[in-house]
2 protein chains.
Amino acid sequence: MHCCIDICQIRCMSKQDFPIIALAGTDQAAGACCPPLVCEPLSTAEAEELASLFKAVADPVRLRLLSLIACHEGGEACVCDLTGAFDLTAPTISHHLKVLKQARLIDSERRGTWVYYWVNPGMLERLSAILGPHAMATA
Amino acid sequence: MHCCIDICQIRCMSKQDFPIIALAGTDQAAGACCPPLVCEPLSTAEAEELASLFKAVADPVRLRLLSLIACHEGGEACVCDLTGAFDLTAPTISHHLKVLKQARLIDSERRGTWVYYWVNPGMLERLSAILGPHAMATA
DNA sequence: CCCCTGATTAGATGGGCATCTAATCAGGGC
DNA sequence: GCCCTGATTAGATGCCCATCTAATCAGGGG
């Protein structure tokens with residue numbers, strides 16, 4: 001029962017309906033919890049939506065940006081705090097921040113001259129849950 | 001203390017040394033558990049290694065392949081079980097399986113005429129842990 | 001031994017994406 | 001009002017990758 005609750009939490013975590021890759025497999029199917037029919041492969045539409053999210057983190061610059069922002073004091077960082085860590089121009093950093101923001105992995109706010117970014121932990125947790133042991137059968 | 005143990009488990013989960021994005025932030029820094037210095041941004045090399053892993057799952061076809069394999073009875077599937085689910089040619093499916101295998105997300109074995117694939121749960125868990133609440137500060 | 005089916009490799013092509021330069025927007029001081 | 005700094009947008013370019021066709025490898029009958 002509890003694993004089904006976990007699954008529901010994952011699915012209902014945001015406004016959009018997000019699926020998980022695959023649910024409990026053979027081992028748990030034998031128990032009272034999750035019936036076999038729960039293991040349902042991703043639909044094409046679901047896979048495309050998820051893939052676009054994973055694409056946002058599948059870039060070394062964006063991974064480091066996430067890391068730098070999360071590690072920065074107060075959990076937020078201004079763009080000028082970030083550009084120095086890369087051998088890239090400001091527009092390129094801006095582009096990557098935009099990609100992360102469109103994926104809702106980060107959010108931002110302007111305060112006077114500077115724009116501050118912070119991580120949206122809910123989105124990361126959702127991606128984590130999709131790959132996690134609750135979601136993928138342990139073969 | 002327990003969160004630091006988790007972190008070590010994540011790092012030591014495989015032969016290669018895999019980092020995590022960012023460790024416990026401000027809230028836990030105040031507690032007795034993880035000192036502030038634990039929060040260290042990804043290096044360039046670490047980010048590139050991780051990005052290549054995420055790239056492997058950042059494709060709708062590969063996500064569905066993972067899902068189909070994990071959901072298939074016995075936790076494994078032959079290539080001929082998979083191709084029917086896509087509007088793609090066999091060589092394309094083969095290409096995607098190769099990408100997943102090179103990322104060590106799946107493994108395979110030939111049995112007579114057919115080649116069987118199964119998911120490597122350890123790799124998925126590692127990716128999951130990197131994005132999970134233990135790894136990324138809750139801002 | 002030949003052929004048939006399953007699966008992969010090789011090579012070509014087209015689209016998407018990371019990056020740059022140049023230009024524009026936004027705030028703040030003098 | 002003007003300029004300076006911070007940040008983003010626009011547009012161009014070059015590379016990587018998903019996909020295809022054609023060819024090759026592997027195993028099993030007849």
Side-chain angles (χ1 to χ4, degrees), chain A residues 42 44-45 47-69 72 76-118, chain B residues 42 44-45 47-69 72 76-118:
Chain A
L42 282 174
T44 304
E48 270 171 33
E49 196 164 13
L50 279 174
S52 72
L53 264 179
F54 278 115
K55 248 180 244 171
V57 294
D59 179 279
V61 175
R62 290 197 285 271
L63 277 175
R64 287 190 69 212
L65 281 172
L66 280 175
S67 165
L68 285 165
I69 292 170
H72 204 265
E76 61 180 22
C78 136
V79 179
C80 56
D81 294 326
L82 303 170
T83 48
F86 301 89
D87 244 2
L88 298 169
T89 63
T92 300
I93 301 299
S94 204
H95 158 72
H96 286 298
L97 288 170
K98 191 179 183 182
V99 171
L100 288 172
K101 187 168 180 181
Q102 283 176 336
R104 306 192 52 190
L105 288 162
I106 59 175
D107 209 342
S108 69
E109 181 189 20
R110 176 164 216 122
R111 292 189 209 131
T113 307
W114 300 278
V115 176
Y116 288 85
Y117 284 87
W118 59 89
Chain B
L42 283 173
T44 304
E48 269 170 34
E49 195 164 13
L50 279 174
S52 72
L53 263 180
F54 278 115
K55 249 179 242 171
V57 295
D59 179 279
V61 174
R62 290 197 284 271
L63 277 175
R64 287 189 69 211
L65 280 172
L66 280 175
S67 164
L68 285 165
I69 293 170
H72 204 264
E76 61 180 23
C78 136
V79 179
C80 56
D81 294 326
L82 303 170
T83 46
F86 301 89
D87 244 3
L88 298 170
T89 62
T92 300
I93 301 299
S94 204
H95 158 72
H96 286 298
L97 289 170
K98 191 180 185 181
V99 171
L100 288 172
K101 187 169 181 182
Q102 283 176 335
R104 308 191 52 189
L105 288 161
I106 59 175
D107 209 342
S108 69
E109 182 189 19
R110 175 166 217 121
R111 291 185 210 135
T113 307
W114 300 278
V115 177
Y116 288 85
Y117 284 87
W118 59 89

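Rounded to an integer number of Å, the gap from OH of A/Tyr116 to C1' of D/dG6 is 11 Å. Across the protein-nucleic acid pair, B/Phe54 atom CZ and C/dC17 atom C1' stand 19 Å apart, rounded to whole Å. Rounding to whole angstrom units, CD of residue A/Glu48 and P of C/dG16 are separated by 12 Å. As rounded to whole Å, 16 Å separates atom P of D/dG6 from atom CG of A/Leu97. Distance A/Asp81 CG to D/dG6 C1': 12 Å, rounded to the nearest Å.
Residue B/Tyr117 places at least one side-chain N or O closer than 4.0 Å to OP1 or OP2 of C/dT8. A sub-4.0 Å separation between OP1 or OP2 of D/dT8 and a side-chain N or O of A/Lys98 is absent.
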Result block: side-chain N/O donor-acceptor pairs under 3.5 angstrom for residues 86-94 of chain A, not counting sequence neighbours:
residue, atom, partner, partner atom, Å
A/Thr89, OG1, A/Thr92, OG1, 3.1

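Taking CZ of B/Arg110 as the start and SG of B/Cys78 as the end, the distance is 10.0 Å to the nearest 0.5 Å. Annotation: the span from B/Ser108 atom OG to B/Leu100 atom CG amounts to 11.0 Å, rounded to 0.5 Å. A distance of 12.5 Å separates OG1 of B/Thr44 from CD of B/Glu49, quoted to the nearest 0.5 Å. The CG atom of B/Asp81 lies 10.0 Å from the CD1 atom of B/Ile69; values are rounded to the nearest 0.5 Å. Here the CG-CD1 distance, from A/Leu97 to A/Ile106, works out to 5.0 Å after rounding to the nearest 0.5 Å. We find the CG-OG1 distance between A/Leu65 and A/Thr83 to be 10.0 Å, quoted to the nearest 0.5 Å.
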- Task: Summarise how protein sits on nucleotides 15-20 of chain D as a single string, 5' to 3': B when a protein heavy atom is under 4.0 Å from the base, S for sugar-phosphate-only contact, - for no contact.
- Result: ---SBB

- Message: Protein within reach of the bases, or only the backbone? For nucleotides 24-30 of chain D, mark each nucleotide 5' to 3' as B, S or -, using heavy atoms under 4.0 Å.
- Response: --SSS--

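Searching all strands for a Watson-Crick or G-U wobble partner of D/dA23 with both distances below 3.5 Å returns C/dT8.
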- Task: Show your working on side chain to side chain contact (heavy atoms under 4.5 Å, CB included) between B/Trp118 and B/Asp107 and close with a plain yes or no.
- Result: CA-CA 6 Å; B/Trp118 59 89; B/Asp107 209 342; 3.6 Å; yes

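Checked by atom type and distance alone, the side chain of A/Arg62 pairs as donor or acceptor with a backbone atom of A/Lys55 at under 3.5 Å.
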